[in-house]
Amino acid sequence: MLDRKQKYLQIALNSSLREAKEIIYQLPLDRRIIIEAGTPLIKEYGAEAIRNIRYWWEGRIFGYELNPYQNVTIRFPLIDLINKSIEQKRESQIIKNPRENKEKFFPYIVADLKCMDRGEREVEIAKQAGANALTALGHAPIETLDAFIENCERHNLDSMIDMMNVEFPLNVMRQLEKPPKAVILHRGVDEEALNPEKEIPFHEIQRIKNEYDILIAIAGGDSFSEVQRALFNDADIVVVWKSFYKSTGETAKLAQDFLKEIR
């Protein structure tokens, strides 16, 4: 899964599957990139959004010959065909891309389901679709969060709790039977747009890390200065989406520029 010694750039795809495909085919092949199937994308396309994103990112990494501009939706990923061999090689062998002859990495896909109930079932959906991690909301019942974390662990997925609009994230954490793999400190899109004074809770990073050995993701700040501030405050994952909502001629350069901030 994720390396605790590494910082990551999480690119959230929220527009359409066509845009997602074109963006993925412009991203640099870098192990520090996490791809997120965003909530709007999942609500529009269902689990197919997760499956397709997995398939396209695998194609980029492992060298499958895919056409990023074909106007079709691929209905299932190759993950079911290659998972067994990949799992066996995950720790012991470096997979190489035959086209580029560079050391390769394994795709990491986050399904931003924002689970509020039925923790067990939503984990199963994400697993079947090929996700590596998924999210639940910190405002969900503690029983749901406990079931969510337990079933993520059972299915070898990373649990992420999104603390958007949670005033005291540690109060939620202390009620859990076991901590998640990651906590997301999140300023929502509407909050940012309609309440300019609302700040990203960077101050919560160290409060949580002082008590729990978990990863911290920061979401809701897409500027380079906010990314720098998140990393300065010891965030492990920085989530961006605005620059990657639509595919443009600058997509690849924007990704590279963000990666320059990730040490």
Side-chain angles (χ1 to χ4, degrees), residues 1-12 30-36 38-39 108 110 112-116 132-142 144-146 148-150 152-153 157-193 195-243 257-263:
M1 292 299 187
L2 297 181
D3 182 351
R4 289 180 177 273
K5 297 179 181 179
Q6 179 65 65
K7 304 291 185 182
Y8 293 92
L9 176 69
Q10 182 167 318
I11 297 175
D30 195 302
R31 66 179 64 249
R32 296 170 295 170
I33 291 180
I34 293 170
I35 304 292
E36 175 190 318
T39 308
Y108 190 92
V110 175
D112 192 17
L113 294 177
K114 292 187 170 71
C115 175
M116 276 290 287
N132 300 93
L134 65 155
T135 66
L137 289 175
H139 278 296
I142 293 300
T144 296
L145 295 178
D146 282 336
F148 171 81
I149 294 167
E150 178 183 351
C152 280
E153 190 173 281
L157 302 180
D158 286 342
S159 53
M160 297 182 167
I161 296 184
D162 189 329
M163 297 293 184
M164 181 168 57
N165 203 38
V166 175
E167 188 174 2
F168 300 109
L170 276 173
N171 287 354
V172 175
M173 297 289 293
R174 290 165 180 163
Q175 296 178 68
L176 299 172
E177 290 182 0
K178 60 177 67 174
K181 292 291 185 180
V183 160
I184 306 166
L185 300 176
H186 192 173
R187 177 181 63 191
V189 175
D190 293 336
E191 288 181 291
E192 180 185 4
N195 183 9
E197 302 302 316
K198 181 81 173 188
E199 294 189 354
I200 299 170
F202 296 114
H203 60 278
E204 294 288 348
I205 297 175
Q206 285 306 320
R207 289 184 185 179
I208 296 172
K209 286 197 169 190
N210 285 341
E211 291 196 29
Y212 298 95
D213 183 22
I214 62 175
L215 300 172
I216 302 292
I218 291 291
D222 280 69
S223 69
F224 287 105
S225 62
E226 287 169 320
V227 168
Q228 290 169 343
R229 189 175 174 191
L231 295 168
F232 177 79
N233 282 280
D234 202 24
D236 302 287
I237 302 167
V238 180
V239 185
V240 295
W241 71 274
K242 289 180 185 176
S243 298
D257 288 344
F258 275 112
L259 285 170
K260 289 177 183 176
E261 306 298 332
I262 308 293
R263 299 288 187 264

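Just so you know, these numbers use all the heavy atoms, side chains as well, and skip hydrogens, waters and symmetry mates. Residue numbers run from 1 in the order of the sequence given.
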Nearest-0.5 Å distance, CD of residue Q10 to OH of residue Y108: 8.0 Å
First locate atom CZ of F224, then atom CG of D257, and finally report the distance between them rounded to the nearest 0.5 Å. 4.5 Å
L2 side chain reached by I34 side chain, heavy atoms, under 4.5 Å: yes
Ionic contact status for D30 with R32, cut-off 4.0 Å: yes
Do the side chains of L145 and V172 get nearer than 4.5 Å, heavy atoms only? yes
Please enumerate all residues that pass side-chain hydrogen bond (donor to acceptor under 3.5 Å, both in side chains) together with Y8, with sequence neighbours excluded. none
Note: M163 and G138 closest approach over all heavy atoms is SD-CA, 4.0 Å
Under 4.5 Å between any side-chain heavy atoms of V240 and I11, yes or no? yes
Are any non-hydrogen side-chain atoms of I262 and L231 less than 4.5 angstrom apart? yes
From the list L134, T135, I149, side chain to side chain contact (heavy atoms under 4.5 Å, CB included) partner of S159 resolves to I149
To the nearest 0.5 Å, what is the distance between CD on Q6 and CZ on R31? 8.0 Å
Would you mind checking if R207 and E204 are paired as a salt bridge, meaning a charged N to carboxylate O distance below 4.0 Å? yes
The reported gap from CZ in F148 to CE in M160 (rounded to nearest 0.5 angstrom) is 9.0 Å
Is a side-chain donor or acceptor of D236 paired with a backbone partner of I216 at a separation under 3.5 angstrom? yes
To the nearest 0.5 Å, tell me how far N233 CG sits from H203 NE2. 10.5 Å
Nearest heavy-atom approach of A219 to I184 is CB-CG2, 4.0 Å
Audit row: I200, R229, side chain to side chain contact (heavy atoms under 4.5 Å, CB included) steps and yes/no: CA-CA 10 Å; I200 299 170; R229 189 175 174 191; over 6 Å; no
Looking at every heavy atom in both P169 and L185, which two are closest together, and how far apart are they? CG-CD2, 4.1 Å
Hey, are the side chains of E261 and V238 touching, using non-hydrogen atoms and a 4.5 Å cut-off? no
Side chain to side chain contact (heavy atoms under 4.5 Å, CB included) partners of R174, counting only residues at least two apart: L170, N171, E211, Y212
Are the side chains of V166 and I161 in contact, using a 4.5 Å heavy-atom criterion? no
Is it true that atom CZ of F232 has more than 12 heavy atoms of other residues, nucleotides or ligands lying nearer than 6.0 Å? no
Nearest heavy atoms of M116 and P141, plus distance in Å: O-CD, 3.4 Å
Does K7 have any side-chain hydrogen bond (donor to acceptor under 3.5 Å, both in side chains) partners at least two apart in sequence or in another chain, and if so, which? D234
Quick one: does T144's side chain get under 4.5 Å of L137's, heavy atoms only? no
Spatial distance of atom CD (E153) from atom NZ (K181) [nearest 0.5 Å]: 6.5 Å
4.5 Å side-chain heavy-atom contact, V239 and H186: no
